[in-house]
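The next block holds one structure in the form of structure tokens; read it before the comments.
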Number of protein chains: 2
Amino acid sequence: MPESTLIHLLIRKLENFAELTEEEKVALHEAAGPVRSYGSHEDLIREGEHAHGVSVIVSGFACRHKMLPDGRRQIIGYFLPGDMCDARVFILKKMDHTISTLAPSSVTTLPREAVLNITSHHPRLTRAFWWNTLVEEAIGRQWLVSIGQRTALERVAHLFCEVYVRMQAVGLATPEGCELPVTQSELADTVALSTVHVNRTLKELRRVGLVSMSSKSLVIHDLAGLRALAMFDPGYLHLEGEGLIKDRYSHGLLKSL
Amino acid sequence: MPESTLIHLLIRKLENFAELTEEEKVALHEAAGPVRSYGSHEDLIREGEHAHGVSVIVSGFACRHKMLPDGRRQIIGYFLPGDMCDARVFILKKMDHTISTLAPSSVTTLPREAVLNITSHHPRLTRAFWWNTLVEEAIGRQWLVSIGQRTALERVAHLFCEVYVRMQAVGLATPEGCELPVTQSELADTVALSTVHVNRTLKELRRVGLVSMSSKSLVIHDLAGLRALAMFDPGYLHLEGEGLIKDRYSHGLLKSL
DNA sequence: CGATGTTATTAACCTGTGTTAATGCTCGGA
DNA sequence: TCCGAGCATTAACACAGGTTAATAACATCG
């Protein structure tokens with residue numbers, strides 16, 4: 001299996017849960033449809049529509065977001081390269097939120113039939129999909145806590161920690177930092193602050209020597225300090241290979257669910 | 001099948017997704033373990049622990065919540081009578097949040113084996129479980145939008161609309177209102193406001209004649225007005241029986257996942 | 001039925017973040 | 001090379017909501 005293919009990063013991410021066999025990797029590769037390229041602020045799928053497959057971000061950056069009738073917007077999740085959006089889409093009639101790119105992105109789609117095929121023939125892969133879903137939910141809960149309880153500074157710091165660790169998990173981070181192709185106003189919609197206050201907050205993070213953002217990327221100067229400020233505990237990302245432990249509990253459930 | 005048994009309300013709720021056969025209902029009833037009674041602020045399961053089954057709230061009121069190291073707390077979800085907490089618990093090693101009662105509650109547990117049995121023999125029931133999970137997630141996304149973008153007044157109003165509709169879905173609401181056995185300080189931790197400001201906000205909602213809270217219950221004076229103020233659109237609760245439509249898409253996936 | 005703790009209410013004051021608006025950057029396109 | 005449009009940055013000011021603290025209303029329980 002070549003080291004760099006379309007869904008190389010997805011595989012890399014899933015392997016944070018459990019190692020995949022050659023056969024499973026092949027199955028994933030075969031599932032991938034053609035790649036589509038999107039520009040910088042295009043919708044992959046809109047609120048109210050019905051999804052027809054599972055999209056995988058090959059490269060770029062995307063998000064889920066919801067808008068209130070009067071235009072206020074909240075970004076409720078980021079999609080990094082290797083992320084899937086999303087496996088549960090088959091059951092509910094309509095999307096209750098919109099998914100859009102935040103940067104030029106390549107996206108491949110695992111068609112519905114391919115996903116069905118994988119989930120009926122590859123229980124371990126299925127379990128990895130499920131794990132991925134659960135991690136996504138855990139991230140959502142963290143965002144709720146952040147927005148509800150953390151100060152502006154902590155909130156931005158926490159988001160940066162999360163993005164950095166998630167980028168690491170797919171090998172897209174260096175010790176110095178990682179890409180974060182997002183404008184300040186998009187950051188504002190993410191952490192529920194005004195654009196102006198995001199700017200002030202970034203300035204402060206720079207001043208105290210923790211992180212800085214330049215030309216759409218994150219430069220980490222003091223990861224330990226950033227973590228401490230954010231009270232960041234990466235446990236919720238479940239990145240320490242729980243596959244083996246899981247096996248004992250989930251085999252039957254996953255096969256049948 | 002008797003009209004009022006332990007998991008009567010769970011069944012009632014699941015039937016918002018699709019009607020269940022007599023056989024499926026029996027299977028659910030047989031799955032239910034003994035009832036446990038909890039007092040008012042007891043933990044059902046704590047962050048870091050591993051869950052051993054699916055708990056169903058028979059009566060009472062509970063919540064998921066997370067605490068920051070310094071004591072700030074965010075409630076990230078409510079469990080009403082009939083709610084399950086929660087079906088996905090089998091896969092991840094540890095809970096990333098705590099579940100506690102907010103009022104005296106009776107809780108029954110579907111043991112792991114019983115859930116496995118149901119999910120392997122009753123695909124439609126399985127699908128209903130899944131639907132339930134997806135609705136829970138959609139609720140989480142709404143809370144994120146609320147806390148991120150809505151004002152205090154809108155936030156509280158939106159929460160009240162949601163609770164009222166969810167209580168209706170299990171037959172626990174009257175045209176006048178429903179129970180909401182939660183203190184103002186717990187409300188504060190829910191909507192991410194201070195206790196004092198929750199009090200101010202309730203006063204204002206009372207003053208304009210929309211809702212009032214007295215002795216742990218919600219008295220709705222003007223539902224239309226409340227909805228309008230909150231910009232509440234119940235669509236995300238997916239309560240209009242999507243079962244039939246779903247069947248076409250999800251059968252294979254659900255059987256195998 | 002009073003003692004005690006919890007919850008609700010209110011007032012006065014404070015602050016973190018929002019708003020508005022002006023200025024300056026940066027980068028892709030003609 | 002210059003233009004234009006979106007971004008970033010900053011300052012001045014406004015306000016929603018937080019904090020503190022005091023009191024009042026309820027429960028619960030001997």
Does the side chain of A:S100 pick up a donor-acceptor pair with the side chain of A:H65 at under 3.5 Å? yes
B:R200 versus B:H197, side-chain donor and acceptor atoms under 3.5 Å: yes
Hey, is A:R72 close enough to A:D70 for a salt bridge, meaning N to O under 4.0 Å? yes
Just so I know, are the side chains of B:T108 and B:R36 near enough to count as touching, which here means a heavy-atom distance under 4.5 Å? no
Within this structure, what is the CG-to-P distance between A:D189 and D:dC7, rounded to whole angstrom? 12 Å
Could you work out, with ring pair (Phe, Tyr, Trp, His ring centres under 6.0 Å) as the rule, every residue matching A:Y164, not counting sequence neighbours? none
Side-chain N or O of A:K203 less than 4.0 angstrom from OP1 or OP2 on D:dT10? yes
Grab the CG-C1' distance between B:L187 and C:dA8 for me, whole Å please. 12 Å
Rounding to an integer number of Å, can you tell me how far B:M213 CE sits from C:dA8 C1'? 11 Å
If the sugar-phosphate is the primed atoms plus P, OP1 and OP2 and the base is the rest, what is the B/S/- string for nucleotides 22-30 of chain C, using protein heavy atoms under 4.0 Å? ---------
If an axis is fit to five pairs at each end of the helix from C:dC1-D:dG30 to C:dA30-D:dT1, what is the angle between the two, to the nearest 10°? 40°
Residues two or more places apart in sequence or in another chain: which of them pass salt bridge (Lys or Arg N to Asp or Glu O under 4.0 Å) with A:D233? none
Of the options A:T190, A:D189, A:T98, which is the one that meets A:R73 in a side-chain hydrogen bond (donor to acceptor under 3.5 Å, both in side chains)? A:D189
State whether a side-chain donor-acceptor pair under 3.5 Å links B:S106 with B:Y38. no
All pairs passing side-chain hydrogen bond (donor to acceptor under 3.5 Å, both in side chains) where residues 212-231 of chain A contributes a residue, at least two apart: none
Starting at CZ of B:R206 and ending at P of C:dA8, how long is that distance when rounded to a whole Å? 11 Å
Over 12 foreign heavy atoms within 6.0 Å of CD, A:E179: no
Examine D:dA8: is either OP1 or OP2 under 4.0 Å from a nitrogen or oxygen in the side chain of A:N199? Give yes or no. no
Polar contact flag, side-chain donor to acceptor under 3.5 angstrom, B:E162-B:Y78: no
What is the distance, rounded to the nearest whole Å, between atom CD of B:E186 and atom C1' of C:dT7? 10 Å
Please state how far atom NE2 in A:H41 lies from atom P in D:dA5, giving the value in whole angstrom units. 18 Å
Spell out protein contact along nucleotides 17-23 of chain D as letters: B when the base is contacted, S when just the sugar-phosphate is, - when no protein heavy atom is under 4.0 Å; keep the 5' to 3' order. BBBB---
